[in-house]
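For clarity, every value in this text was computed on a predicted model and none was experimentally measured. Quick note: numbers below take in every heavy atom, side chains included, and nothing from hydrogens, waters or symmetry partners.
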Amino acid sequence: MEVFHCEVDPRHHMTSYSAPCNSEDKPAQLKNCHKVIGAWAMGAKAFSYPSEAGLPIGCATMSRYIVLEIHYNNPKKLSRIVDSSGMRFYYTPTLRQHDAGTMELGLTYTPKMAIPPHQPAFTLTGHCPKSCTKRGLHDSGIHVFASQLHTHLTGRKVYTKHFRDGKELPELNRDDHYSPHFQEIRLLSPSVHVLPGDELTTYCEYKTTDRKRPTMGGLAITDEMCVNYVHYYPKSALEVCKSSISTKALYRFFFLLYRYYGDRTSADLKPRDNYNAIYWTESKTQLLRKLYDVSPIDMKCEDSSGISLNKKNT
């Protein structure tokens, strides 16, 4: 469950909408509602900001519109189920020293990333490279005071490593016994100082021994994610710093499997269909591991409106 602020002109009126998030009838103006101001997942308790930081709301230059997005899982299509989920915010009229922000690290939500079936431990890696933090962070950097690690059902281990000038610093959160049913927002003490040019790499380990088909990245509960939502101050332009394998490199892999292994992969198929067309063996699984380790990446380095910082003069 997430709450997004709509970054539009405060004089702008937005149409009320209550329907599936991917509906064709979804108003185009909701594309401006990307800034995360609240998030919850199974197992999380109440979350409080540190005394020196808070989330600014209600000033004259801010829109009063928000979007509440709730992810449901009802595979049996049971009826007569009533949901009363929501999120309660507590505020103070006393302005705090720093405006806080939320940033997403890890992998983009894309079926270009996949975990083969029957794997006791398969790791995917999401990158936030120095080129992105250089563009998106203040010269003095940010202080990360909380972190929420997130995968779906097959995730078993999640952690984020922190690098500066080629040297590894203390990790930015780790859970070696991760459960999708206990996704706490963990307070970090002391806070972690991240500077422009630092790199943040998030690793997610999955177990798919009971699955007969590959598990792809995506939004469904049966898909997978690899995310670290970090809470920090002072607020910066950078809100999404995530990666996926280069599309070009992935389709070279699919062509190799077609040419040398006889799999029915094709340049005309989407990634999800290609992964499902592979007859998975241990050697192909190892090829995929190597591919993810050495291939170029496609980056999402974006502000809260979804605009790439690589296209901005920041």
(request) Give the ring-plane orientation class for Y258 versus F255, where under 30° counts as parallel, over 60° as perpendicular and anything between as tilted. (result) tilted
Got a second to check how far [X]'s [atom1] is from [Y]'s [atom2], nearest 0.5 Å?
X	Y	atom1	atom2	answer
K31	Q29	NZ	CD	10.0 Å
I142	L137	CD1	CG	5.0 Å
T222	R213	OG1	CZ	12.0 Å
L30	T15	CG	OG1	8.0 Å
I115	R289	CD1	CZ	11.0 Å
N276	M216	CG	CE	4.0 Å

Assess, by modelled atom type and distance only, whether the side chains of [X] and [Y] contain a donor and an acceptor separated by less than 3.5 Å.
X	Y	answer
T265	Y261	no
N228	T160	yes
S244	K112	yes

Flag yes if [X] and [Y] sit in one hydrophobic cluster, no otherwise; membership is Ile, Leu, Val, Met, Phe, Trp, Tyr, and two members link when side-chain heavy atoms are under 4.5 Å apart.
X	Y	answer
Y251	L269	no
I37	L68	yes
V192	L169	no
M103	L195	no
M62	V3	no

Please check if the side chain of [X] supplies one atom and the backbone of [Y] the other of a donor-acceptor pair under 3.5 Å.
X	Y	value
E2	V36	no
S63	V8	no
S295	I245	no
R135	A237	no
W280	Y275	yes
D298	T247	yes
R186	L149	no
Q148	Q183	yes
E104	E239	no
T208	P214	no

(message) Go through it in stages, so that I can follow the logic: the residues are F4 and K35, the test is side chain to side chain contact (heavy atoms under 4.5 Å, CB included), and I'd like the CA-CA distance, side-chain angles, deciding distance and then a yes or no.
(response) CA-CA 5 Å; F4 301 91; K35 182 181 178 182; 5.9 Å; no
Considering all heavy atoms of both residues, which atom of [X] and which atom of [Y] are nearest to each other, and what is their separation?
X	Y	value
C6	V67	SG-CG2, 3.9 Å
S85	M1	CB-SD, 4.0 Å
C21	E69	SG-CG, 3.5 Å
G155	P180	O-CD, 4.2 Å
T133	K130	OG1-O, 3.2 Å
A114	Y292	N-OH, 2.9 Å

Does anything in [range] form a ring pair (Phe, Tyr, Trp, His ring centres under 6.0 Å)? List the pairs, not counting sequence neighbours.
range	value
residues 60-96	none
residues 94-140	H98-Y233
residues 193-213	H143-H193, Y159-Y203

Is the closest side-chain heavy-atom distance between [X] and [Y] below 4.5 Å?
X	Y	value
H152	N73	no
V194	L172	yes
M299	S131	no
H34	E302	no
H177	S179	no
K270	P111	no
L238	Y232	no
L250	P271	yes

(request) Starting from the C-alpha separation in whole Å, work towards a yes-or-no answer on ring pair (Phe, Tyr, Trp, His ring centres under 6.0 Å) for Y49 and F47. (result) CA-CA 7 Å; Y49 285 94; F47 168 67; 5.2 Å; yes
(request) Can you run down the salt bridge (Lys or Arg N to Asp or Glu O under 4.0 Å) pairs that involve residues 272-285, sequence neighbours left out, and say none if there aren't any? (result) D223-R272, D263-K284
(message) Working note: K242 + T202, criterion side chain to side chain contact (heavy atoms under 4.5 Å, CB included); need CA distance, chi angles, decisive distance, verdict.
(response) CA-CA 9 Å; K242 299 159 76 174; T202 301; over 6 Å; no
(message) Applying disulfide (SG to SG under 2.5 Å) as the test, list every pair that has at least one member in residues 212-272; sequence neighbours left out.
(response) C128-C241, C204-C226
(message) Please list all pairs meeting disulfide (SG to SG under 2.5 Å) that have one or both residues in residues 44-114, counting only residues at least two apart or in different chains.
(response) none
(message) Quick one, K235 with L55, criterion side chain to side chain contact (heavy atoms under 4.5 Å, CB included). Give me CA distance, side-chain angles, the key distance, then yes/no.
(response) CA-CA 9 Å; K235 178 78 173 69; L55 191 72; over 6 Å; no
(message) So for atom NZ, which belongs to K300, do other residues, nucleotides or ligands contribute more than 12 heavy atoms lying within a distance under 6.0 Å?
(response) no
(message) Can you tell me if K161 has over 12 outside heavy atoms packed within less than 6.0 Å of its NZ?
(response) yes
(request) Let me see the working for D9 and R11 under salt bridge (Lys or Arg N to Asp or Glu O under 4.0 Å), right down to the final yes or no. (result) CA-CA 5 Å; D9 189 300; R11 298 166 296 182; 2.8 Å; yes
(request) Could you point out which residue of L188, L187, I185 forms a side-chain contact (heavy atoms from CB on, under 4.5 Å) with H231? (result) I185
(request) Kindly determine whether S191 and V144 satisfy side chain to side chain contact (heavy atoms under 4.5 Å, CB included), including the steps that lead there. (result) CA-CA 5 Å; S191 62; V144 179; 5.9 Å; no
